[in-house]
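Order of listing sets the numbers, starting from 1, for every ligand and every atom in it.
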Amino acid sequence: MQCESSQDLKNLVDEARIYTKEGQVAQYIPALREADPDKLAVAVYYPNGNCYAAGDVKHKMTLQSISKVISLALALMDRGEGFVFDYVGKEPTGDPFNSVIKLETISPSKPLNPMINAGALAVTHMLMGSSVEERFTRLLDFVKELTDKPTITYNKEIAQSEFETAELNRALCYFLKQHGVINEDVEELMELYTKQCAIEVDSVDLARIGCVFAMNGVDPRTGKQIIPANIARICKTFMVTCGMYNASGEFAIDVGIPAKSGVSGGVMGAVPNRCGIGIYGAALDDKGNSVAGLKLLEMMSRKYALSMF
Ligand SMILES: NC(=O)CC[C@H](N)C(=O)O
């Protein structure tokens with residue numbers, strides 16, 4: 001069975017909405033504290049262009065950690081698999097997304113995977129272009145292509161707010177620089193990374209990006225191969241093993257689809273060869289995942305038999 005109406009999704013949103021009360025909006029980026037914890041939205045995007053959505057669908061969110069999948073795809077397209085994985089590993093950590101600990105305890109010091117902040121910073125460092133502006137424009141153009149929406153932009157206030165307060169990410173950068181994983185100016189990398197995290201989308205946009213990954217890199221409207229199939233496959237694999245931070249194992253059992261969350265409360269799902277899913281629910285659990293979003297995905301997985309396993 002598959003979702004065939006927005007009403008179907010609305011029933012699930014109504015049922016999941018009570019769980020927004022169990023979480024808290026992200027506190028450590030000042031501008032994210034303003035988010036409304038009661039909002040909840042879901043969209044499902046099919047490869048034939050059909051899209052169903054319910055809840056606060058027009059509500060915008062910043063990509064935050066969801067951008068890590070997109071920057072990884074672009075870095076792999078820019079640099080190739082061999083280069084990227086010389087600097088970033090392929091293993092889950094079991095630690096929170098912003099943890100420093102493994103950089104110190106593992107030798108040679110190399111971030112364990114591209115979905116934790118240390119790995120994502122190393123990946124953003126690899127994006128090609130002669131300036132921060134050019135590199136960011138390339139990334140933004142890529143998101144515009146994935147969403148098929150030329151008006152996509154970033155939220156300046158949220159980017160600035162994170163840039164001014166991201167001392168832990170700066171610490172990760174200096175660690176990476178000391179160990180030769182990155183070799184650029186830390187402030188420049190932080191500017192690029194915080195703008196990347198602040199790219200703004202709604203749940204339909206997220207579902208469309210998820211759909212491109214689900215369909216092995218092919219654009220649902222034009223049929224164009226936007227991402228090489230092998231790179232889409234690598235990204236989806238990371239989404240399964242590390243996409244929900246240190247809750248990825250539990251999520252694989254309870255939901256069973258490649259997905260990536262962000263501290264804005266977004267979750268992007270890519271159900272292989274079926275559809276993309278976009279969720280927004282700003283109230284987070286203690287690991288930084290959308291509480292009601294996870295419940296909603298669990299319900300959808302059961303109802304539509306989404307689990308890959
Ligand atoms: N988990 C997240 O969404 C983290 C993204 C956030 N911009 C950070 O680097 O801290």
F163 vs Y193, ring-ring contact (aromatic ring centres under 6.0 Å, His included): CA-CA, chis, key distance, verdict: CA-CA 9 Å; F163 183 80; Y193 176 78; over 10 Å; no

I'd like to know whether Y46 forms a side-chain contact (heavy atoms from CB on, under 4.5 Å) with C3, so could you lay out the CA-CA distance, the side-chain angles of the two residues, the decisive distance to 0.1 Å, and finally the verdict. CA-CA 10 Å; Y46 288 103; C3 164; 3.6 Å; yes

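The one candidate from N230, I227, V69 that meets the side chain to side chain contact (heavy atoms under 4.5 Å, CB included) condition with C235 is V69. For the side chain to side chain contact (heavy atoms under 4.5 Å, CB included) with V255, the qualifying choice from M299, E298, M308 is E298, the only one to do so.
Within 4.0 Å of ligand 1, protein heavy atoms come from Y28, Q64, S65, F97, N117, E162, N169, Y193, C197, Y245, G262, V263.
Below 30°, between 30° and 60°, or above 60°: for F83 and Y87 the angle between ring planes is between 30° and 60°, a tilted geometry.
In terms of the side-chain contact (heavy atoms from CB on, under 4.5 Å) criterion, residue partners of N11 (sequence neighbours excluded) are, by chain and number, Q7.
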